[in-house]
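Numbers restart at 1 for each chain; the letters A, B, ... are given by sequence-line order, proteins then strands. Quick caveat, the model's predicted, so the values are computed rather than measured.
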Number of protein chains: 2
Amino acid sequence: MTKTTAVHERPILTVDVALLALIDERLHVALAPRATAPFKGRLALPGGYVRVDEDADTEQTARRVLREKLGFEPAHLEQACTESGPARDPRGWSASVVYLALHAADALQPLADDGRISLHDVEALPALAFDHNRLIALAAQRLRAKSAYTSIVAHLLHDEFTIPQVQAAFEAVTGHRMNAANFRRKILETGALKETRIVPAAYRPAQAYRLAEPLTDFGQNLAR
Amino acid sequence: MTKTTAVHERPILTVDVALLALIDERLHVALAPRATAPFKGRLALPGGYVRVDEDADTEQTARRVLREKLGFEPAHLEQACTESGPARDPRGWSASVVYLALHAADALQPLADDGRISLHDVEALPALAFDHNRLIALAAQRLRAKSAYTSIVAHLLHDEFTIPQVQAAFEAVTGHRMNAANFRRKILETGALKETRIVPAAYRPAQAYRLAEPLTDFGQNLAR
DNA sequence: ACAATAGTGTCTTTGAGACACTATAGA
DNA sequence: TCTATAGTGTCTCAAAGACACTATTGT
């Protein structure tokens with residue numbers, strides 16, 4: 001029961017953001033080469049130190065990082081997990097709070113065009129800085145798990161979207177092909193969607209929807 | 001784009017464990033009065049600083065804390081979330097990685113009897129140290145959410161258990177009463193359980209089971 | 001024997017899925 | 001008018017739930 005009051009070294013605390021988007025039915029992640037050591041020049045997730053004098057919590061760190069590095073506010077942001085250990089950062093024992101961010105791909109395209117980020121298929125990544133390959137795998141896994149039970153995939157689309165678009169996103173993320181009529185009925189039953197207006201589509205115009213809430217829990221596996 | 005290389009103050013990193021058990025069909029959490037300031041004497045979750053020279057990661061911190069403070073290895077341990085901010089700890093900007101631990105209540109009873117911990121109904125908690133009321137709410141919410149879709153509630157029982165026992169735990173945690181015949185069929189179908197032996201029960205002896213895996217994802221809401 | 005719990009059989013109803021159909025645009 | 005996509009109607013079949021039943025023990 002003797003408790004030493006010796007000051008122990010504090011670990012490093014960082015935040016990393018896995019910003020995912022859907023391109024050609026495949027999940028892509030936003031990466032940028034590191035500007036400084038360690039892993040200088042190596043591709044990495046946007047991330048950085050928590051600033052105790054600036055950030056209200058780690059979610060605000062995530063938002064600040066995206067704002068400062070990408071000038072960008074994601075459609076969806078949620079905490080995924082915290083990875084930690086002595087070896088994942090050569091600077092010392094570190095913990096990184098990993099955030100999952102989602103956004104429509106075409107809003108990210110300008111950032112890719114002017115070189116702030118590059119977008120990479122999450123299933124075909126090169127060796128990244130730190131343990132970022134693993135962090136991305138965890139974030140993608142979380143997205144896939146939540147996609148079956150919640151309206152999360154809609155955040156990969158624009159603010160307004162049609163039901164066929166949600167279905168395409170749903171199928172791309174879960175890998176589960178569904179009958180269009182049944183998908184429509186099921187997702188409407190959940191109450192996750194709110195009608196907005198009729199929008200032009202490829203041929204017949206389509207009813208557009210917005211999310212009724214940022215995230216609706218379906219209470220069931222929509223794919224089954 | 002100027003990046004100051006000034007050394008910023010590092011935040012505090014702690015781990016807190018919400019050890020939950022089922023007593024009389026109600027979730028209880030293990031708490032102990034704090035031995036030191038801040039919040040000296042106030043009830044709190046078992047927790048402590050990450051030790052960079054000792055802990056392989058935050059999960060090992062959680063295990064060490066339980067071992068040192070309670071002499072105890074939980075049946076189930078998983079990361080729940082990370083809470084952070086400047087105000088949650090008077091010592092400074094802090095982040096706490098919260099772990100959810102589960103165990104059979106009667107294995108905790110000796111610890112309660114010799115005063116290492118006290119067990120409190122999670123729905124009737126006094127004001128605790130730090131933001132621990134919130135952390136417990138988050139951990140309990142996570143348990144309830146996972147209970148519908150996974151075999152997690154079995155970790156609130158002994159290593160061997162009967163199907164009526166799982167059902168009682170399931171109903172207590174989810175609040176959803178189920179028909180015994182249907183519950184039996186559904187949980188057996190999931191493949192989460194492995195027959196062990198016949199054990200004496202209140203009247204007719206019962207088939208006992210163990211978990212086939214530490215955690216089976218049902219792929220569907222067992223309650224619906 | 002009776003009470004209490006463990007476990008099975010089976011009927012009914014719900015809803016998931018298949019699929020044929022209609023609707024409305026562009027080419 | 002043909003094709004591509006949006007959206008509806010409806011049938012079938014599997015599974016969820018209700019519930020009556022049997023099984024095996026302690027008291």
Side-chain angles (χ1 to χ4, degrees), chain A residues 22 24-25 147-151 153-154 157-158 160-172 174-210 217-224, chain B residues 22 24-25 147-151 153-154 157-158 160-172 174-210 217-224:
Chain A
L22 212 44
D24 293 338
E25 310 278 279
S147 294
Y149 299 105
T150 73
S151 57
V153 290
L157 307 172
H158 295 122
E160 277 190 354
F161 48 82
T162 68
I163 287 183
Q165 285 169 358
V166 195
Q167 184 180 353
F170 184 90
E171 292 182 346
T174 65
H176 191 280
R177 305 280 278 160
M178 290 195 67
N179 176 282
N182 299 334
F183 181 86
R184 173 184 301 276
R185 264 187 297 261
K186 276 179 132 179
I187 198 155
L188 285 176
E189 267 169 23
T190 66
L193 307 187
K194 239 167 71 178
E195 284 191 12
T196 56
R197 62 198 175 97
I198 307 288
V199 295
Y203 291 88
R204 170 173 170 177
Q207 177 66 54
Y209 297 85
R210 287 189 301 103
D217 192 319
F218 296 152
Q220 59 167 153
N221 185 335
L222 209 68
R224 180 74 81 86
Chain B
L22 212 44
D24 294 338
E25 309 280 278
S147 294
Y149 299 105
T150 73
S151 57
V153 291
L157 307 172
H158 294 122
E160 277 190 354
F161 49 81
T162 68
I163 287 184
Q165 285 169 356
V166 195
Q167 185 179 354
F170 184 90
E171 292 181 346
T174 65
H176 191 281
R177 304 283 277 163
M178 289 194 69
N179 175 282
N182 299 334
F183 182 86
R184 173 183 302 275
R185 264 188 297 261
K186 275 179 134 180
I187 198 156
L188 285 177
E189 266 169 26
T190 65
L193 307 188
K194 239 166 70 177
E195 283 191 11
T196 56
R197 60 198 176 97
I198 307 289
V199 294
Y203 290 88
R204 171 175 170 177
Q207 177 65 53
Y209 297 85
R210 288 189 301 101
D217 191 319
F218 296 152
Q220 59 167 153
N221 186 335
L222 210 68
R224 181 80 80 86

Between C/dG17 atom P and A/E171 atom CD, what is the distance in whole Å?
-> 12 Å
Picking from D/dT10, C/dG7, D/dG7, the nucleotide nearest the side-chain atoms of B/A206 would be C/dG7
Is B/L193 close to B/I163 at the side-chain level, that is, under 4.5 Å between some pair of heavy atoms?
-> yes
Rounded off to whole Å, could you give me the CG-to-P distance for the B/N221 and D/dA16 pair?
-> 11 Å
Should B/L222 and B/T190 count as side-chain neighbours, where that means a heavy-atom distance under 4.5 Å?
-> yes
Judged by modelled atom types alone, do A/R185 and A/N182 share a side-chain donor-acceptor pair under 3.5 Å?
-> yes
Atom pair distance, as rounded to whole Å: NE2 in B/H176 and C1' in D/dA16 | 11 Å
Enter the distance from B/R184:CZ to B/N179:CG here, rounded to the nearest 0.5 Å.
-> 10.5 Å
When all nucleic acid strands are considered with a 4.0 Å heavy-atom cut-off, which category describes B/A208: base, sugar-phosphate, or nothing?
-> nothing
Using a 4.0 Å heavy-atom cut-off across all strands, classify B/R185 as base, sugar-phosphate, or nothing.
-> base
Can you find a pair of side-chain heavy atoms, one from A/V153 and one from A/L22, that are under 4.5 Å apart?
-> no
B/K186 versus B/N221, closest heavy-atom pair with distance = NZ-O, 4.3 Å
Partner set under side-chain hydrogen bond (donor to acceptor under 3.5 Å, both in side chains) for A/H158, not counting sequence neighbours = A/D106
Under 4.0 angstrom between B/Q220 side-chain N/O and D/dA16 OP1 or OP2 = yes
Base, sugar-phosphate, or nothing: which does B/A181 touch, judged by heavy atoms less than 4.0 Å apart?
-> base
Whole-Å gap separating P (C/dG17) and CG (A/L222) = 9 Å
For the helix from C/dA1-D/dT27 to C/dA27-D/dT1, how many degrees between its two end axes (five pairs per end), to the nearest 10°?
-> 0°
What are the two closest non-hydrogen atoms of B/S147 and B/F218, and how far apart are they?
-> O-CE1, 4.4 Å
note: A/I198, atom CD1; D/dA6, atom P; distance rounded to Å ~ 12 Å
Search all heavy atoms of A/Q207 against all heavy atoms of A/R197 and return the closest pair with its distance.
-> NE2-O, 3.4 Å
In whole Å, what is the span from the CZ atom of A/R224 to the P atom of C/dG17?
-> 7 Å
In whole angstroms, the gap separating C1' of D/dG9 from CG of A/N182 amounts to 12 Å
Nearest to the side chain of B/N179, which nucleotide is it out of C/dA6, C/dC19, D/dA18?
-> D/dA18
What is the minimum heavy-atom distance between A/M178 and A/F183, and which atoms define it?
-> SD-CD1, 3.7 Å
Would you tabulate the pairs of protein nitrogen or oxygen atoms and nucleotide nitrogen or oxygen atoms of nucleotides 24-26 of chain C closer than 3.5 angstrom?
none

What integer distance in Å separates A/K186:NZ from D/dG7:C1'?
-> 18 Å
With the side chain of A/M178 defined as its heavy atoms from C-beta on, choose the nearest nucleotide among C/dG17, D/dT8, D/dG17.
-> C/dG17
Which of these nucleotides, D/dG7, D/dA16, D/dG17, is closest to any side-chain atom of B/E189?
-> D/dA16
